[in-house]
J.: 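Quick one: structure below, then a few questions.
Sequence lines set the chain letters: A, B, ... in the order given, protein chains first and strands last, and positions in each chain run from 1.
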Amino acid sequence: MKKLLILIMVIHLWLPNALFAKQELDPKDDLYLQLTKELRCTVCQNQTLYDSSASFAIDLKTLIREKIDSGENETEIKNFLVSRYGDFILYRPEFKVATSLLWGGPLLLIILGIFGVLRTFRIDPSLET
Amino acid sequence: MKKLSSILPLALVLALLFFFSKGLTLDPKALNSPLVNKKAPSFSITTLDKPEILVNEQIFLDRVTVLKAWSSGCWACQQEHDFLSQTAKKLPELQWLGLNYKDERLEAKNWLKAWGDPYQYHLYDLQGRMGLDYGVYGTPETFIIDKKGWLRYKAVGAITEEKWRQEIEPLIIDLMEETP
């Protein structure tokens, strides 16, 4: 009985997945979703264009839709927006000199931290037998 | 080596304090425009008064232009309007252009009637298309364009007297002396 109950519960966990199975997307819609989820709404700075319904975000989304329809690819659209609004509009800015501290900073801090920990907890060789 | 490790914590704290104090004076809403020191993007657009006439980026040539993106629903635009109007009267040798951003024609005209119109004319950007090309994301925004038609400065937010004195006036004096 208990096993049956567990089985029923497991099946119920799986059911919603089947209900909300991903529909096949047009590659154009796919690109649109991907882009709008990676671009920042510069008016509402902690939202993506996808999340935002600010009139500025709607304008940009219309523009992106038009550019996709006219056959521009991901890089072309991103380059256009960066040339107008700067790297800040990308949630994942490209790696270049200006963004190197942004990308490399955390790694640098970790390395410094490891170095610091090793130094602090180093066993004094004179105490070793 | 002993000496270095004893001043290291102090140095780190000072470095942090430097970044924090810098952060206090920065406005996270004001983004540096990548368009500064590039050629002004091309456009073709009607004016507020004359829907039948198209103007393009040629209007920037041979004079220094102040291009002001504004809209009637924008509180900060009203805030800076008095100061800008006075400045425009003092400096008629500049070309003062408005870029009316996503307004109804009538509302924009009424706004100008109510608050005064120091501009030579206004470009009328109903869809915000020219705005997108110029990296406008909120009004007011101010562009300074040189005699060759290059963008040389952009400010986001209301222009105060202080900002004008410190940032814009010296630039304009330089730009006036350039030959087109």
Side-chain angles (χ1 to χ4, degrees), chain A residues 35-36 39-49 52-67 70 72 77-91 93-94 96-99 101-102 105-106 108-109 111-113 115-122 124, chain B residues 1-2 4-9 11-13 15-16 18-19 22-23 26-43 69 71-74 76 99 101-104 125-141 143 150-151 154-157:
Chain A
L35 274 171
T36 52
L39 291 166
R40 186 189 305 274
C41 165
T42 48
V43 184
C44 26
Q45 297 190 344
N46 289 326
Q47 272 189 316
T48 60
L49 287 181
S52 174
S53 53
S55 90
F56 172 78
I58 292 169
D59 290 349
L60 268 191
K61 282 190 272 196
T62 317
L63 183 84
I64 289 168
R65 176 66 82 186
E66 281 173 20
K67 284 187 177 289
S70 71
E72 287 188 36
I77 296 174
K78 277 189 184 172
N79 284 347
F80 171 80
L81 290 168
V82 168
S83 76
R84 295 301 190 260
Y85 291 94
D87 286 318
F88 189 62
I89 200 164
L90 299 176
Y91 264 101
E94 244 177 275
K96 53 187 178 190
V97 179
T99 58
L101 201 59
L102 181 69
L108 200 73
L109 284 178
I111 291 172
L112 277 176
F115 180 74
V117 166
L118 286 181
R119 265 185 66 97
T120 312
F121 294 103
R122 189 177 46 183
D124 192 336
Chain B
M1 198 61 205
K2 185 90 185 161
L4 178 76
S5 62
S6 61
I7 49 170
L8 192 67
L12 279 174
V13 169
L16 262 182
F18 169 76
F19 281 111
K22 189 102 177 104
L26 289 176
D27 177 7
K29 287 261 168 197
L31 310 177
N32 285 331
S33 173
L35 286 167
V36 171
N37 292 326
K38 301 235 168 66
K39 203 169 183 338
S42 54
F43 60 89
S71 68
S72 63
C74 146
L99 168 60
Y101 182 67
K102 296 178 72 177
D103 244 342
E104 292 297 327
D125 190 14
L126 175 62
Q127 318 266 309
R129 268 318 160 77
M130 179 172 169
L132 283 183
D133 256 349
Y134 275 69
V136 173
Y137 58 91
T139 46
E141 292 190 12
F143 299 88
W150 285 53
L151 285 174
K154 179 192 172 182
V156 179

J.: What is the distance from atom CG of B:D133 to atom CZ of A:R84, rounded to the nearest 0.5 Å?
T.: 4.5 Å
J.: Given the options A:Y85, A:F56, A:F88, which has more heavy-atom pairs under 4.5 Å with chain B than any of the others?
T.: A:Y85
J.: Between chain A and each of B:G138, B:P41, B:G135, B:S33, count heavy-atom pairs under 4.5 Å; write down the option with the most.
T.: B:G135
J.: Minimum heavy-atom separation for B:Q127 to A:D59, with atom names?
T.: O-OD2, 4.0 Å
J.: For a quick test of reading the model, state the closest non-hydrogen atom pair linking A:G86 to B:P34 and the distance between them.
T.: N-CG, 3.2 Å
J.: Could you grab the distance from atom OG1 of A:T62 to atom CG of B:L132, nearest 0.5 Å is fine?
T.: 8.5 Å
J.: Less than 4.5 Å apart, side chain to side chain, heavy atoms only: is that true for B:K38 and A:S83?
T.: no
J.: Rounded to the nearest 0.5 Å, how far apart are CZ of A:R40 and OH of B:Y137?
T.: 11.5 Å
J.: May I ask you to check whether over 12 heavy atoms, not counting those of A:E94, lie within 6.0 Å of atom CD?
T.: no
J.: Under 6.0 Å from the CG atom of A:L118, do we count more than 12 heavy atoms belonging to anything else shown?
T.: yes
